[in-house]
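Just so we're clear, the structure is a prediction, and the values are computed from it rather than from any experiment. When a residue number appears, it is its place in the shown sequence, counting from 1.
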Amino acid sequence: MPVSSTEISEIVDGLSAKQKQISPKYFYDERGSQLFDAITRLPEYYLTNTELGIMRDNIAEITEKVGKQASLIEFGSGSSLKTRVLLEHLSELAAYVPVDISAEHLHTSADEIRAEFPHIDVLPVVADFTKLFQLPRPMVMPVRNVVYFPGSTIGNFEHAVAMELLRVMHHEAGKGGALLIGVDLQKDPEVIESAYNDSAGVTAEFNLNMLRHLNCDYGANFDVDEFAHSANYDPDKGRVEIKLISQTNQTFEVGDKAFDIADGEAILTEYSHKYTLDGFAAMAAEAGFVVEKVWTDKEQLFSVQFLVRA
């Protein structure tokens, strides 16, 4: 996607805040998307395998909830591993609409889905899914829209932004629509921290790649080698705080603005909130959704939830 002045302003505003920060959506250039796919296969990263297990164990009930002739709208299409589990069982789907900001990765993934499921109308949309976007018109008119948001990506956003995103989903789902979403749950802090500090260093590389992305596509000039990955879980706030820590006193530029950062100072790149079931249900209710069904694994590490518009 072409760089807009709005995006540059957003990045500059974030770095101008008292706590310097960059939106997690800037993780996802092609390399970032590839690295995240690699993260999902790491042994420490329990989220993907646990969510896949929940999907497979409950697929009959999940597909029954989605219903026939639905349009499945996936926010933030990645490798679509979990999506494949759905598509294999949704035999009468009106369309599959993957939405992602990384155009090249999105179209590659969509082409793979088309080849594997030639009977499904695959309609990729390049867009920032945190804002309203135009849905394509499928060849078959869908009975309902079902937004799909796996991976507990909702946890990457602070409460106000997560609320805004849920309201976007509520709008895109439309009348009679629904939301199928993965939600990570609060648990042993050691299990959580290990997932974001893997021994192979893939998550660290993913975090640092954000700066490379900004250098390549947004005219920034970060010295990537002078930053280090940090991820710590705050049990009181129920979230992992992921940061890039400056290793020296330095200056970098984004757009026409220069920024000083001190040795040891952090740039916040992501939160990963972990929810209680009641806490997430209350947040969803604020956005106009009602939790209709929750599926979890035996250890209650993770949940897959089906929400309908109130």
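The shortest heavy-atom contact between Lys274 and Gln186 is O-NE2, 3.0 Å. Annotation for Val168 and Thr130: closest pair CG2-O, 3.5 Å, computed over non-hydrogen atoms. Shortest non-hydrogen contact noted between Leu42 and Ala200 is CD2-CB, 4.5 Å. For the residue pair Thr40 and Tyr45, the shortest heavy atom distance occurs at CA-CD2, 3.8 Å. Scanning both residues, Arg114 and Pro124, for their nearest heavy atoms gives NH2-CD, 3.2 Å. In terms of heavy-atom proximity, Leu87 sits nearest to Ile120 at CD2-CD1, 4.0 Å.
Between the side chain of Asp297 and the main chain of Gln300, a donor-acceptor pair closer than 3.5 Å is present. Side chain of Ser109 to backbone of His105: no donor-acceptor contact under 3.5 angstrom is found. Here the side chain of Asn156 pairs no donor or acceptor atom with the backbone of Glu270 at under 3.5 angstrom. At distances below 3.5 Å, at least one donor-acceptor pair connects side-chain atoms of Asn221 with backbone N or O atoms of Glu253. Looking at Arg309, its side chain does come within 3.5 Å of a backbone N or O of Gly174 through a donor-acceptor pair. Side-chain atoms of His171 never come within 3.5 Å of backbone atoms of Arg167 as a donor-acceptor pair (strictly under, hydrogens ignored). In this structure, Gln247 contributes its side chain and Ile245 its backbone to a donor-acceptor pair below 3.5 Å.
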Inset, instruction - Apply side chain to side chain donor-acceptor pair (under 3.5 Å) to Tyr233 and Lys187, showing your working. - result: CA-CA 11 Å; Tyr233 181 62; Lys187 63 186 73 67; over 6 Å; no

Inset, instruction - Could you walk me through whether Gln250 and Ser246 pass side chain to side chain donor-acceptor pair (under 3.5 Å), step by step? - result: CA-CA 8 Å; Gln250 56 180 311; Ser246 179; 2.8 Å; yes

Inset, instruction - Please test Gln21 against Tyr271 for side chain to side chain donor-acceptor pair (under 3.5 Å), starting from the C-alpha separation and ending with a verdict. - result: CA-CA 11 Å; Gln21 56 191 288; Tyr271 288 127; over 6 Å; no

Inset, instruction - Start with the C-alpha gap between His229 and Asn197, add the side-chain angles, then the distance that decides, and say whether side-chain contact (heavy atoms from CB on, under 4.5 Å) holds. - result: CA-CA 9 Å; His229 166 73; Asn197 293 285; 3.7 Å; yes

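If you check the side chains of Asp263 and Thr248, you find no donor sitting under 3.5 Å from an acceptor.
Each ring-ring contact (aromatic ring centres under 6.0 Å, His included) pair with one or both residues in residues 277-310, not counting sequence neighbours, appears once here: His170-Phe289, Tyr275-Phe280.
Between Phe227 and Phe222, the ring planes lie perpendicular to each other; the angle is over 60°, past the 30° to 60° tilted range.
With a 6.0 Å cutoff to the six-membered ring centre and a 45° limit on the axis angle, Lys25 does not count as a cation-pi contact of Tyr28.
The side chain to side chain donor-acceptor pair (under 3.5 Å) test applied to Ser303 returns Gln305, not counting sequence neighbours.
Two residues are said to be in side-chain contact when any heavy atoms from C-beta on lie closer than 4.5 Å; Met55 and His89 fail this criterion. Side-chain contact check for Ser194 versus Asp198: every heavy-atom pair is 4.5 Å or farther apart.
Remark: aromatic rings of His213 and Tyr218 are close, center separation under 6.0 Å.
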Taking only distance into account, with no hydrogens and no angle test, what donor-acceptor pairs under 3.5 Å do side-chain atoms of residues 135-151 form with protein atoms, sequence neighbours excluded?
| unit_1 | atom_1 | unit_2 | atom_2 | d |
| --- | --- | --- | --- | --- |
| Arg144 | NE | Gly176 | O | 3.2 |
| Arg144 | NH1 | Lys65 | O | 2.9 |
| Arg144 | NH2 | Gly176 | O | 3.3 |
| Asn145 | ND2 | Glu172 | O | 3.2 |

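Atoms CG and CG, from Asn49 and Leu301 in turn, are 11.5 Å apart once rounded to the nearest 0.5 Å.
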